[in-house]
Number of protein chains: 2
Amino acid sequence: MREDTRARIQEIALRLFTEQGYEATSLREIAEELGVTKAALYYHFKTKDDIVTSLVDLRVAELEKLLEWARSQEKNAEMRRELVRRYAEQFTTPRYLQVARFLERNQTALRNHPKLAKMREAMIRLSAEMCAPGAPATERIIHSLAFFALHAGKWLTLEGEFSDEEIEKASLEVALRLLEL
Amino acid sequence: MREDTRARIQEIALRLFTEQGYEATSLREIAEELGVTKAALYYHFKTKDDIVTSLVDLRVAELEKLLEWARSQEKNAEMRRELVRRYAEQFTTPRYLQVARFLERNQTALRNHPKLAKMREAMIRLSAEMCAPGAPATERIIHSLAFFALHAGKWLTLEGEFSDEEIEKASLEVALRLLEL
DNA sequence: GTCTATACGCCGATAGAC
DNA sequence: GTCTATCGGCGTATAGAC
């Protein structure tokens, strides 16, 4: 029945960082939820920052898998649609959705985190794969907005009116339609 | 030449909160940039939270102006386009753009701030004005996405490639096209 | 209006026993 | 692997002189 402690720390930290923000979450809170003292955390992670690193690595790996796939493809309309679908599909794995949300909500707090730079770089390269080199600004921007639409759930203050599933489904539809503009 | 000190505190706090995040910005930093001690700040604002309140008030007032206008209009396609245009136009006033960005980037850190609840409520009502009552989920979501396309600058990791103006112009174009989907 | 001085607590992190 | 104890530092905030 005993779960790996390291994994439980990640799980609790991920939830609290997302709900309250990275800076607002102390190691004491994480330890308390886990039922240990904060000193115990230091056996599993060198620093608070290290917990973040372990989480971001998950997301970077996912983005790089996507990037690798994109590069192996011809850049046509069907490839772009499939890329958006695959990007959206990553969010159907709960842990990946949680990590993505954590990163969404802590961009500013983590702005100096080296792994975040890696992630942004991957996003830039991914959105570049959406267009032929030298594509006009509006095309680049519209295609990038397709990715953005999939993150918009955070901003859509419609909770209570529609389920998460409805919002996600409609977001994907909008993202795909954006590719056709 | 002497500017009002209260206004200068707001200006510096707004910039630092946006760049570094609310939690990561201390009153000491603000005071240092202003060239006074942090104790001096307490003459102008009761608490750190009070500085935020004074900033959020600006945004809430803008949203409510927009909401009032929306309510006085018939809900047709041209009204929706005009509403999006007016929403976008608010961001052309530098101070309002700065405040909006500050709020975008500190949603999580300020999640318990009472003024933030007011702002979210105003956004919900504003996006409700975009549709007839009882409109289907996809319509509501797509029209709401139109607003949020205008916030996409944060996510578009295209800085350096395109100017802020290009991104804003294209975002508005996409927002307007979303209304027609 | 701004200062110095200070209260008081929580933070991340470490040392060393068990 | 987890504990107790503790460190140094910085956080917000206040008191009271000027």
Side-chain angles (χ1 to χ4, degrees), chain A residues 1-57 102-103 105-106 108-116, chain B residues 1-57 102 105-116:
Chain A
M1 217 64 254
R2 268 287 280 101
E3 214 180 319
D4 182 59
T5 302
R6 188 185 157 90
R8 292 178 64 213
I9 294 171
Q10 288 177 315
E11 193 183 331
I12 293 168
L14 181 53
R15 183 166 47 77
L16 293 180
F17 289 164
T18 305
E19 283 172 2
Q20 314 180 338
Y22 173 73
E23 301 262 10
T25 303
S26 67
L27 296 177
R28 182 189 50 74
E29 282 180 285
I30 296 171
E32 227 162 60
E33 283 222 22
L34 190 60
V36 297
T37 65
K38 64 178 176 173
L41 301 182
Y42 283 92
Y43 174 82
H44 302 277
F45 293 95
K46 274 209 311 279
T47 63
K48 186 184 181 187
D49 206 272
D50 253 38
I51 302 178
V52 172
T53 301
S54 77
L55 294 170
V56 182
D57 279 343
F102 154 61
L103 290 168
R105 299 189 190 180
N106 289 278
T108 306
L110 303 176
R111 75 197 182 291
N112 290 325
H113 199 290
K115 292 280 179 177
L116 254 283
Chain B
M1 217 60 255
R2 268 288 280 98
E3 214 180 319
D4 181 60
T5 303
R6 189 184 155 90
R8 291 177 65 212
I9 293 171
Q10 288 177 314
E11 193 184 330
I12 293 168
L14 181 53
R15 184 166 46 77
L16 293 180
F17 290 164
T18 306
E19 283 172 4
Q20 313 180 339
Y22 173 72
E23 300 263 10
T25 302
S26 67
L27 296 177
R28 183 190 48 75
E29 282 179 285
I30 296 171
E32 227 162 60
E33 282 223 20
L34 189 60
V36 297
T37 66
K38 60 182 175 170
L41 301 181
Y42 282 92
Y43 174 81
H44 301 280
F45 293 95
K46 274 211 309 279
T47 63
K48 187 184 180 186
D49 207 272
D50 253 39
I51 302 178
V52 172
T53 301
S54 76
L55 293 170
V56 182
D57 279 343
F102 154 61
R105 298 189 191 181
N106 288 278
Q107 290 266 321
T108 305
L110 302 177
R111 76 197 181 290
N112 290 326
H113 199 291
K115 292 280 180 176
L116 254 283

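We name chains A, B, ... by the order of the sequence lines, and we start the count at 1 in each one.
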TODO: Can you tell me the distance, in whole Å, between the NZ atom of K38(A) and the P atom of dA13(C)?
DONE: 10 Å

TODO: Select one nucleotide: of dT2(C), dA15(C), dA15(D), the one nearest the side-chain heavy atoms of V36(B).
DONE: dT2(C)

Task: N/O (side chain, T5(A)) to phosphate O (OP1/OP2, dT2(D)) under 4.0 Å - done: yes

Open item on the list: Is the phosphate of dC3(C) approached by T37(B) (side-chain N or O, under 4.0 Å from OP1 or OP2)?
Closed with: yes

- [ ] Please name all residues satisfying side-chain hydrogen bond (donor to acceptor under 3.5 Å, both in side chains) with E23(B), sequence neighbours left out, ordered by chain then number.
- [x] none

Task: Residue-level proximity of residues 26-34 of chain B to DNA chain D when a heavy atom falls under 4.0 Å - done: S26(B), L27(B), R28(B)

Open item on the list: Do L16(B) and E19(B) have side chains that approach each other closer than 4.5 Å (heavy atoms only, starting at C-beta)?
Closed with: yes

- [ ] Would you kindly give the CD1-to-P distance between I9(B) and dT12(D), to the nearest whole Å?
- [x] 14 Å

TODO: Any pair with a residue in residues 44-54 of chain B that passes side chain to side chain donor-acceptor pair (under 3.5 Å), sequence neighbours left out, goes on the list, sorted by first then second residue, please.
DONE: Q10(B)-S54(B), D49(B)-H113(B), T53(B)-H113(B)

Task: Gap between atom CD1 of I9(B) and atom CD1 of I51(B) - 0.5 Å precision - done: 6.5 Å

In a table with atom names and distances, give each donor-acceptor pair under 3.5 Å that connects a side chain of residues 27-34 of chain B to protein atoms at least two apart or in another chain.
{"residue": "R28(B)", "atom": "NH1", "partner": "E32(B)", "partner atom": "OE2", "Å": "3.4"}
{"residue": "E29(B)", "atom": "OE1", "partner": "S26(B)", "partner atom": "N", "Å": "3.1"}
{"residue": "E29(B)", "atom": "OE2", "partner": "Q20(B)", "partner atom": "NE2", "Å": "3.4"}
{"residue": "E33(B)", "atom": "OE1", "partner": "R15(B)", "partner atom": "NH2", "Å": "2.7"}

Open item on the list: Suppose we screen for ring pair (Phe, Tyr, Trp, His ring centres under 6.0 Å). Which residues come up paired with F17(A), at least two apart in sequence or across chains?
Closed with: Y22(A), F102(A)

Task: Near-strand residues of residues 41-54 of chain B, defined as heavy-atom separation under 4.0 angstrom from DNA chain C - done: Y43(B), H44(B)

TODO: Report the distance from atom CG of L110(A) to atom CG of L103(A), rounding to the nearest 0.5 Å.
DONE: 7.0 Å

TODO: Hey, could you give me the CZ/CG distance between R105(B) and N106(A), rounded to the nearest 0.5 Å?
DONE: 13.5 Å

